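Here's the structure we're looking at; comments come further down.
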There are 2 protein chains.
Amino acid sequence: MERPPRSLLSSRAEDYLEAIYILSQKGKPKVRELARRLCVSPSSVVEFLRRLSEQGYVIYKKGGEIRLTEKGLEVARKIYNRHVVLTEFLTYIGVPRDIAEIDACRIEHLLHDETVERIIEFMRRKMESEP
Amino acid sequence: MERPPRSLLSSRAEDYLEAIYILSQKGKPKVRELARRLCVSPSSVVEFLRRLSEQGYVIYKKGGEIRLTEKGLEVARKIYNRHVVLTEFLTYIGVPRDIAEIDACRIEHLLHDETVERIIEFMRRKMESEP
DNA sequence: TTATATATTTAGGCGTGCCTAGCATAGGGT
DNA sequence: ACCCTATGCTAGGCACGCCTAAATATATAA
């Protein structure tokens with residue numbers, strides 16, 4: 001029974017960073033939007049943002065702009081890429097898109113880098129053999 | 001951002017049930033063995049067992065035998081089967097066995113039934129085309 | 001400008017899982 | 001019987017993530 005190290009970023013923290021990343025593509029992320037997207041109350045978002053900013057993953061002063069630091073951006077991009085890859089993969093093997101999205105969200109934080117690599121390679125082989 | 005329903009069995013509860021199930025194959029599960037397997041202290045196991053027994057998943061009286069109820073057995077078997085399937089699948093696509101085991105453990109609780117079905121089907125097709 | 005609506009923040013609290021420290025109980029060995 | 005060790009249990013406490021209710025800030029309308 002291996003368990004993820006407690007000291008690093010939690011799955012939930014990665015969710016928050018990813019959500020900020022995605023919302024940043026389309027404008028300035030708001031507390032309210034983050035709350036909706038993450039299915040939590042706005043107050044939970046504020047609290048989480050405070051912690052993430054203490055740890056240097058986001059820039060956030062109350063009332064101010066919400067923005068990822070370089071460190072936060074790195075994590076967010078990694079998770080987001082995993083999300084995309086996993087969703088593609090699951091739909092490829094026949095999982096309906098909506099379910100694939102949900103499951104990708106859930107496991108994107110947990111897989112070993114090695115595993116994600118193998119999945120990427122698997123998809124690459126498929127793309128080559130099926131034009 | 002879909003999240004698992006809070007009212008049902010947590011991932012961790014499923015881990016406990018699965019561990020009890022596996023240890024039951026080889027004898028009577030002990031608190032100590034469960035603790036080792038789940039990487040927690042014995043006191044955490046005792047506490048968890050109390051809750052699981054209140055909820056009708058295990059039979060457990062302090063000092064007594066630890067045993068799954070029918071209800072607990074059903075969950076444990078389902079999770080264990082998922083574990084096996086996912087491990088097979090991951091090794092098939094090239095993930096080293098030890099990593100496959102770990103990742104299977106982590107995601108076995110989270111995937112939609114539909115997704116697991118698709119993975120099983122995928123493996124079945126492979127087995128047919130590659131004797 | 002004042003009133004109202006919306007967005008954000010603070011305060012206080014809760015459930016889950018985990019821990020350590022200390023107590024209890026059971027078995028062996030001498 | 002006694003001591004010693006292993007095992008199990010109880011008590012108390014902690015971190016994480018979440019919530020509601022109430023306070024404050026900001027934007028919009030009258």
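Here is the naming used below: chain letters follow the sequence lines, and residue numbers restart at 1 for every chain. The shown structure was predicted, so the numbers you read here are calculated from the model rather than taken from an experiment.
- Between the CD1 atom of B:Ile66 and the P atom of D:dT7 there is a distance of 13 Å, rounded to whole Å.
- Among residues two or more places apart in sequence or in another chain, the side-chain hydrogen bond (donor to acceptor under 3.5 Å, both in side chains) test is passed with B:Thr87 by none.
- Rounded to a whole Å, the CG atom of B:Leu52 is 11 Å from the P atom of C:dC18.
- One end of the helix from C:dT1-D:dA30 to C:dT30-D:dA1 points its axis 0° away from the other end's axis, with each axis taken from 5 pairs and the angle rounded to 10°.
- Not counting sequence neighbours, A:Arg67 has no partner by the side-chain hydrogen bond (donor to acceptor under 3.5 Å, both in side chains) test.
- B:Arg51 places its CZ atom 16 Å from the C1' atom of D:dC9, with the value rounded to the nearest Å.
- For A:Tyr60, there are no ring-ring contact (aromatic ring centres under 6.0 Å, His included) partners two or more places apart in sequence or in a different chain.
- Look at CD on A:Glu14: it is 11 Å from P on D:dG17, rounded to the nearest Å.
- Look at CD on A:Glu65: it is 16 Å from C1' on C:dT8, rounded to the nearest Å.
- Counting to the nearest Å, the P atom of D:dC16 and the CG atom of A:Asp15 are 16 Å from each other.
- Shown here are the ring-ring contact (aromatic ring centres under 6.0 Å, His included) partners of A:Phe48, two or more places apart in sequence or in another chain: A:Tyr16.
- Within residues 20-35 of chain A, the residues that have a heavy atom under 4.0 Å from DNA chain C are, in order of number, A:Lys30, A:Val31, A:Arg32.
- With sequence neighbours excluded, no residue satisfies side-chain hydrogen bond (donor to acceptor under 3.5 Å, both in side chains) with B:Glu74.
- Listed by first then second residue, pairs satisfying ring-ring contact (aromatic ring centres under 6.0 Å, His included) with a partner in residues 17-44 of chain A read A:Tyr21-A:Tyr80, not counting sequence neighbours.
- Distance B:Arg50 CZ to D:dG8 P: 17 Å, rounded to the nearest Å.
- Here A:Asp15 does not pair with A:Arg37 in a salt bridge; the nearest charged N to carboxylate O distance is not below 4.0 Å.
- Shown here are the side-chain hydrogen bond (donor to acceptor under 3.5 Å, both in side chains) partners of A:Glu117, two or more places apart in sequence or in another chain: there are none.
- In this model, the phosphate group of D:dC18 is approached by a side-chain N or O of A:Tyr16 to a distance below 4.0 Å at OP1 or OP2.
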Output a table of donor-acceptor pairs, distance under 3.5 Å, between side-chain atoms of residues 94-103 of chain B and any protein atom two or more places apart or on a different chain; print 'none' if there are none.
from, atom 1, to, atom 2, distance (Å)
B:Glu101, OE1, B:His83, NE2, 2.8
B:Asp103, OD1, A:His112, N, 3.4
B:Asp103, OD2, A:His112, N, 3.0
B:Asp103, OD2, A:Thr115, OG1, 2.5

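- Remark: B:Arg12 is in phosphate contact with C:dC18, judged by side-chain N or O atoms under 4.0 Å from OP1 or OP2.
- Between B:Val46 and A:Glu47, the residue whose closest nucleotide on DNA chain D is further toward the 5' end is B:Val46.
- With sequence neighbours left out, B:Lys61 forms a salt bridge (charged side-chain N to carboxylate O under 4.0 Å, His left out) with no residue at all.
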Shorter than 3.5 Å, N or O on both sides, protein versus nucleotides 20-28 of chain C: list them out with atom names.
from, atom 1, to, atom 2, distance (Å)
C:dT20, O4, B:Ser43, OG, 2.7

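- At whole-Å resolution of the value, CD in A:Glu54 and P in D:dA15 are 13 Å apart.
- Here the rule is side-chain contact (heavy atoms from CB on, under 4.5 Å) with A:Ile20, and of A:Val45, A:Leu38, A:Leu49 only A:Leu49 fits it.
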